[in-house]
Amino acid sequence: MIKTRFAPSPTGYLHVGGARTALFSLLQARKQGGKFLLRIEDTDVERHQEEAVQRIVDALRWLGIEWDEGVDVGGEAGPYRQSQRLEIYREHVEKLLAGGKAYYAFDTVEELDAMRKQAEAEKRNFRYPRPSPLPSEQDAQQAREQGRPVVVRFLNPMRDVVFDDDVFGRIVTPAAEQDDFVIVKHGGYPTYHLANVIDDALMGVTYIMRGQEFLGQTWRHVLLREAMDFAEPGYGHLPLILDMQGRKLSKRDGDVEVDAFRRSGYLPEALVNFIALLGWNPGEDREKMTLDEMVELFSPQRINKANAKFDRQKLLAFNTDAIAAASEDRLVAALTDFLSLNDTAIPAGDEAVLRHLVQANKGIRTFEDVVAKCEVLFKADDGYEFDPEAVKKVLTRNEKASLAVLHQVRTMLANADWTGEGLEKAFTEFCESKGLGMGKVAQPVRVAVTGTTVSPAIYDTLLILGKDRTLARIDRCLRVAVTD
RNA sequence: GCCCCCAUCGUCUAGAGGCCUAGGACACCGGCUUUUCACGCCGGCGACGCGGGUUCGAUUCCCGCUGGGGGCACCA
C-alpha cells in the first residue's frame, strides 16, 4: 500500500509552497487508496519555533488537508516529531559507524569555511577531504575532551547514483559530484538527510513528494537507504512556486502564508483549488474542482516541470467564484472564522446578523469586502466620518436639490414599514411621486447613513441599521456633513 | 565558479509530428447591465525565446545558444 507524507520543519508559518506539497502528497495517497501522514522535522534547534507546530497543524486543517497518521492524531510508527526520536537515530548511527559506513570528523565551521574559500580561490570544487586513516572511537573521545566539535560523516561509497522521478524523469548524479556529508551534527542531532531517510523507512513511507530544491540532493538519500538496507521509495519532485518577480517564495514573504489568506477573508477551497493548478492540471480545460474531484483526477505524471509564478489576481478570481458557489451556512461559518481573526466593529457572535450580511453581500471577492462595505453600520451613529468627495458628489454639488430630497426621504422613511418589501414599496412610490430615478434618492441616503457611496443595496443597508438609527444618521448628516 | 533542472499569450496552462487560423482561465481594453461598490453578460487584444538539424511536414523529436530557476551547509 502506498503511503505519502508531509514533513515540514517548524520554523515559521505554512506558506503556499508547503501547502501545495502537502496537498499533492494527500492527493497521491488518496488516489492510490493509501495513507498520508504528517511528521514534524524539528532537528534544527537554532531555528525551531514551538508555536509553529500548532500553526502548521491549524493551517493544514483549515485547508481541509487531513492526515491519517502523525502529529496530533497518533499512529503506530510514532512519535511523529523528530526531536522525540533521537534514540532511534542514535541506534542507526551506531550501526553505520560499527559497519564502517560512517566516521567521526572534528573540523570546526571556521576550518571548513577556510577550506571552501581556498577551494574557491583555486577554482576547484570543494569536496570534504576524507581523512586517512579514518578517525577512531578513541580519537572522537579525545576530541570531545579537547572541546572540539564532533560530527559524524557518511562514508560515501562513491559511485554514480541513478534514480527515477515521476516528474523530472531519470536523474543521474556522478560520483564526482558527491562527498562525505554530515549525518550527525555537533551536539548529537541528526541532519535532515539522516533523520528524514530513517523516518520515512520506519514509518513505511513509499512515495516522496517535495520541492525541486531537493532533486539534486536525493543522491544522499539513495545512498543512505542503501547503507541502512531500506527500500527505495518512489519520487515526485515538484517545480517551485515563484513570486510575480520570479523569485523563490520565501518564508519571509509573509503574504504568501496560508494564515495570511485565512485572515484576509479567503475560502480554503479556493486556495486549495488555485494552488493545485500551480504546476498541475487534469488536462482539457477543467479548472474548478473540489478536493474529491482532484483526488479522482490526480496523477504525478501530469505535474509540470517548469516553475510557476503565484498570481494572486487569479486566486482572487477563484475566491470570488468560490464565495458565489458556497452555501449560506458555509459562508456564515467562514465569515465567523474570519471575524474571529480580525478586529472589526461587526458582531462576530451574532449569527442572525452575519446571515443577513451574507445575504446582503452577494458578489464579494473576499470577506474583507464585507468589512469595507458594512463595518460602518455597526459603529456608533456619530462615530463615522463623511467622505468629502462623496458628500460633494451626491449631496452638495446639485445645489440644494439633493438636500431637499434627503429631507423628504427622511419624512418618508419615518413613516415606512421597516421590512424589505415595505422599504422597497416606500422608495418606489417616493421616486414615482417625485419623478426621480432611484439613483437620485438612494445615493443621498447611502451617503447620509454610511458617509460613503459604497454599501450593500440600500434596502439591506437600512434594514441592518434599523429605523431609529437610520433616522438619527440622516439627521446628523443634515446637521453636520453639509455645513462643513 | 561548478553541477543539475526548465522554457507556449503579462500570469496559470491545453497541446505528447499534420486535428493549430495554437484552445481555456486570470489580468488588461471596449461595451452592456445597474440605487453605489462588487458581481454578471458580450466582444477585443495577446504566445510557441533564437539558430541549426531530422522529416513530405515541426509548438511537438535532436543539438547549440540565450534566458530563467535550483543545488553546491553541522538549514531543512
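Below, chains carry the letters A, B, ... as their sequence lines are ordered, and counting in each starts from 1.
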Span that lies between the P atom of B/G52 and that of B/U11, in whole angstrom: 26 Å
Using a cut-off of under 3.5 Å, enumerate the N/O to N/O pairs linking the protein to nucleotides 29-34 of chain B.
none

Which residue lies more 5' along RNA chain B, comparing A/Pro174 with A/Gln245 via nearest heavy atoms: A/Pro174
A/Lys288 NZ - B/A25 C1' separation (whole Å): 8 Å
Whether over 12 other heavy atoms sit under 6.0 Å from A/Gln245 CD: yes
Pair partner, B/G1 [Watson-Crick or wobble, under 3.5 Å]: B/C72
Rounded distance in Å - CG (A/Leu238) to C1' (B/C5): 14 Å
Identity of whatever pairs with B/U35 - Watson-Crick or G-U, under 3.5 angstrom: none
A/Gly437 vs A/Ala317, nearer the 5' end of RNA chain B by closest nucleotide: A/Ala317
Sugar-phosphate only, base, or nothing, as touched by A/Ala176 at under 4.0 Å among non-hydrogen atoms: nothing
B/C19 to B/A27 separation - P atoms, rounded to the nearest Å: 31 Å
Residue pair A/Phe427, A/Tyr459: steps toward the ring-ring contact (aromatic ring centres under 6.0 Å, His included) verdict: CA-CA 9 Å; A/Phe427 267 96; A/Tyr459 309 131; 5.7 Å; yes
Sugar-phosphate only, base, or nothing, as touched by A/Lys305 at under 4.0 Å among non-hydrogen atoms: sugar-phosphate
Pair A/Phe168-A/Phe163, ring-ring contact (aromatic ring centres under 6.0 Å, His included): steps then yes or no: CA-CA 10 Å; A/Phe168 288 95; A/Phe163 69 95; over 10 Å; no
Nearest-Å distance for atom pair CD/P, residues A/Glu389 and B/U36: 18 Å
Separation between the C1' atoms of B/C48 and B/C3, rounded to whole Å: 29 Å
A/Glu385 atom CD, over 12 foreign heavy atoms within 6.0 Å: no
Ring-face cation contact, A/Tyr80 with A/Arg39, 6.0 Å cut, 45° max: no
Pairwise C1' distance, B/C9 and B/G15 [rounded to whole Å]: 14 Å
A/Glu284 CD: over 12 foreign heavy atoms closer than 6.0 Å: no
Identified pairing partner of B/G43, criterion: Watson-Crick or G-U wobble below 3.5 Å: B/C29
Interatomic spacing from CD in A/Gln212 to CG in A/Leu238 - rounded to 0.5 Å: 9.5 Å
A/Phe386 ring center near A/Tyr384 ring center (under 6.0 Å): yes
B/C28 to B/A16 separation - P atoms, rounded to the nearest Å: 32 Å
Contact state string [nucleotides 8-23 of chain B, B base, S sugar-phosphate only, - no protein heavy atom under 4.0 Å]: --BSBSSS-------B
Under 3.5 Å: donor-acceptor pair, side chain of A/Asp166, backbone of A/Gly236: no
Complementary nucleotide for B/U55 - Watson-Crick or wobble, under 3.5 Å: none
Spacing of A/Leu315 atom CG relative to B/A27 atom C1', expressed in whole Å: 13 Å
B/C50 to B/A7 separation - P atoms, rounded to the nearest Å: 15 Å
Ring centroid separation A/Tyr192 to A/Phe214 under 6.0 Å: yes
d(CG, A/Asp160; P, B/C3) in whole Å: 15 Å
Nucleic acid footprint by protein, nucleotides 71-76 of chain B - heavy-atom cut-off 4.0 Å, B for base, S for sugar-phosphate alone: SSSBBB
Mutual orientation of the aromatic rings belonging to A/Phe298 and A/Trp280 [parallel < 30°, tilted 30-60°, perpendicular > 60°]: tilted
Listed nucleotide nearest any side-chain atom of A/Leu242, set B/A25, B/C39, B/G69: B/G69
Rounded C1' spacing from B/G70 to B/U33 in Å: 49 Å
Sugar-phosphate only, base, or nothing, as touched by A/Tyr459 at under 4.0 Å among non-hydrogen atoms: base
Watson-Crick or G-U counterpart of B/C20, or none if no pair lies under 3.5 Å: none
Between B/C4 (P) and A/Arg170 (CZ): distance, integer Å: 16 Å
Closest to side chain of A/Phe168, choosing from B/U36, B/G70, B/C6: B/C6
Parallel, tilted or perpendicular: ring planes of A/His193 versus A/Phe181, cut at 30 and 60 degrees: perpendicular
Salt-bridge present (A/Lys288, A/Glu293; N to O < 4.0 Å): no
Heavy atoms of other groups near A/Gln217 CD, more than 12 under 6.0 Å: yes
Residue matched to B/A7 through Watson-Crick or wobble contacts both under 3.5 angstrom: B/U66
Nucleotide B/C28, atom P - distance to CG of A/Leu316 in whole Å: 10 Å
Atom C1', compared across B/U60 and B/G49: separation rounded to whole Å: 16 Å
Spacing between A/Glu432 atom CD and B/U35 atom P, to the nearest angstrom: 14 Å
